[in-house]
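Before any comments, here is the structure.
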Number of protein chains: 2
Amino acid sequence: MRIGDVAQRTGVSTRALRYYEEQGLLGSERTSTGQRTYTESAVERVELIQQFFTAGVPSRTILQLLPCVDSGHASPEVFEILEEERRRITDAMADLAAARDALDRMIDITRNPTPEHCPSLR
Amino acid sequence: MRIGDVAQRTGVSTRALRYYEEQGLLGSERTSTGQRTYTESAVERVELIQQFFTAGVPSRTILQLLPCVDSGHASPEVFEILEEERRRITDAMADLAAARDALDRMIDITRNPTPEHCPSLR
DNA sequence: GTTGACGTTGACGTCAAGGGCAAGTCACGA
DNA sequence: TCGTGACTTGCCCTTGACGTCAACGTCAAC
């Protein structure tokens, strides 16, 4: 596959794919004329990378985690990173839940304006 | 209260507080010599702003929501924003959950390396 | 009245994940 | 062989929420 094919199948821009390679996250073979060639597994890899990016894991951290995906083995340091990211994500979920609750309260108040809720009615 | 007090009580830098004011998110009185003065409610306000920032709500959107916090009333457009942000946050939570599951699988595999999981052992 | 912490504005720097453009090369069908 | 679309590298640009520095004013204490 060429880069455009991977882009189309993953929904990730070619610019982003080159960026991933630049960051060491995604490998590719080259043709004799220098064009990138990808295997099928690259699609899966890109999807995993995307998932991490979406979760707020920075590229440098992903770079440390990916070898462990391939080898199935984690050094103690990598293991610590795994658990730390897990904690970070859990905390982020709690923050999101709190913000959503705040929005819910606002939605509720604006839907049922009552004197207790609404200073302007008092 | 002066800006340093608010910073200390909220854990938000003075630079950030001035930025919030610049963005219209946070009001302040001024002394005759130009120094900012805050009421007690500013602390609560800053905490709310932080909560939204943490949840990924951009300052321009927060700016549209805050008047509704004060008035207890939301125009249809603001109401739509409220619900859209709610959706966005819910989606983000699902993304985080998916990423955490991916991490959990990795953690599990590295904790119990088995031939099925680990290509290098096959 | 001087010291030192705290305050002011303004301008520029940072960081990450790409976007966009330029100028050239490659692949492939007509 | 020509055209066209896909690809290459290299470079600067963008966005948001501040950090940082400069140059200066203020305030409370001693």
Side-chain angles (χ1 to χ4, degrees), chain A residues 1-39 42 45-66 81 85 88-89 92 95-96 99, chain B residues 1-39 42 45-66 81 85 88-89 92 95-96 99:
Chain A
M1 297 167 75
R2 291 191 302 166
I3 196 170
D5 303 321
V6 179
Q8 193 172 3
R9 288 180 53 182
T10 60
V12 171
S13 73
T14 61
R15 178 67 179 86
L17 294 176
R18 292 194 195 97
Y19 175 72
Y20 295 169
E21 181 169 326
E22 192 183 318
Q23 302 300 308
L25 303 177
L26 182 63
S28 69
E29 299 295 306
R30 298 294 184 117
T31 68
S32 58
T33 58
Q35 303 213 356
R36 288 173 179 83
T37 298
Y38 298 90
T39 63
R45 167 70 53 123
V46 169
E47 281 161 359
L48 182 62
I49 293 172
Q50 278 291 101
Q51 200 167 37
F52 282 140
F53 273 134
T54 303
V57 181
S59 57
R60 266 195 301 277
T61 303
I62 299 177
L63 185 57
Q64 297 178 279
L65 298 182
L66 285 183
I81 294 172
E85 284 303 316
R88 224 213 61 244
I89 289 174
D95 289 341
L96 287 178
Chain B
M1 299 166 76
R2 292 191 303 166
I3 196 169
D5 304 321
V6 179
Q8 192 172 3
R9 288 180 53 182
T10 60
V12 170
S13 72
T14 61
R15 176 65 179 90
L17 294 176
R18 292 194 194 96
Y19 174 73
Y20 296 169
E21 180 168 326
E22 191 183 319
Q23 301 299 310
L25 303 178
L26 182 64
S28 69
E29 299 295 306
R30 298 294 186 116
T31 68
S32 59
T33 58
Q35 303 210 352
R36 288 171 180 82
T37 298
Y38 298 89
T39 63
R45 167 68 54 122
V46 169
E47 281 161 359
L48 181 62
I49 293 172
Q50 277 291 100
Q51 201 167 36
F52 282 141
F53 273 134
T54 303
V57 182
S59 57
R60 267 195 302 276
T61 303
I62 299 177
L63 185 57
Q64 296 178 280
L65 298 183
L66 284 182
I81 294 173
E85 285 301 318
R88 224 211 62 244
I89 289 174
D95 289 340
L96 286 178

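Note on naming: letters A, B, ... go to the chains in the order of the sequence lines (proteins, then strands), and numbering restarts at 1 for each one.
- A:R30 has its side chain within reach of A:R36: a pair of non-hydrogen atoms, C-beta onward, lies under 4.5 Å apart.
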Side-chain donor/acceptor pairs under 3.5 Å, residues 45-54 of chain A, sequence neighbours excluded:
from	atom 1	to	atom 2	distance (Å)
A:R45	NH2	A:D70	OD1	2.5
A:R45	NH2	A:D70	OD2	2.8
A:Q50	OE1	A:Y20	OH	2.5
A:T54	OG1	A:Q50	O	2.8

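- Note: CD (B:E21) to C1' (C:dG10) measures 15 Å, nearest angstrom.
- When Watson-Crick and G-U wobble pairs are counted only if both distances are under 3.5 Å, D:dA29 pairs with C:dT2.
- B:Q23 places its CD atom 9 Å from the P atom of D:dG16, with the value rounded to the nearest Å.
- As judged by a 4.0 angstrom heavy-atom cut-off over every strand, B:R18 is placed among the base-contacting residues.
- Side chains of A:R18 and A:I3 form a contact here, defined as non-hydrogen atoms less than 4.5 Å apart.
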Annotated protein contacts, base or backbone, on nucleotides 18-30 of chain D with a non-hydrogen cut-off under 4.0 Å, one of B, S, - each
BBB----BSS---
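- Rounded to a whole Å, the CD atom of B:E29 is 14 Å from the P atom of C:dT8.
- Between the CE atom of A:M1 and the C1' atom of D:dC7 there is a distance of 15 Å, rounded to whole Å.
- Remark: B:E22 CD is packed, more than 12 non-hydrogen atoms of other residues, nucleotides or ligands lying under 6.0 Å away.
- Atom CZ in A:R60 sits about 14 Å away from atom P in C:dG18, given to the nearest Å.
- For A:F52 and C:dA17, the CZ to P distance is 14 Å, given to the nearest whole Å.
- Within a 6.0 Å sphere centred on CD of B:E21, other residues, nucleotides and ligands contribute more than 12 heavy atoms.
- Atom CG in A:D5 sits roughly 10 Å away from atom P in D:dA6 (whole-Å rounding).
- A distance of 11.5 Å separates OG1 of A:T14 from CG of A:D5, quoted to the nearest 0.5 Å.
- Regarding contacts with the backbone of D:dT8, a side-chain N or O of A:R36 is found under 4.0 angstrom from either OP1 or OP2.
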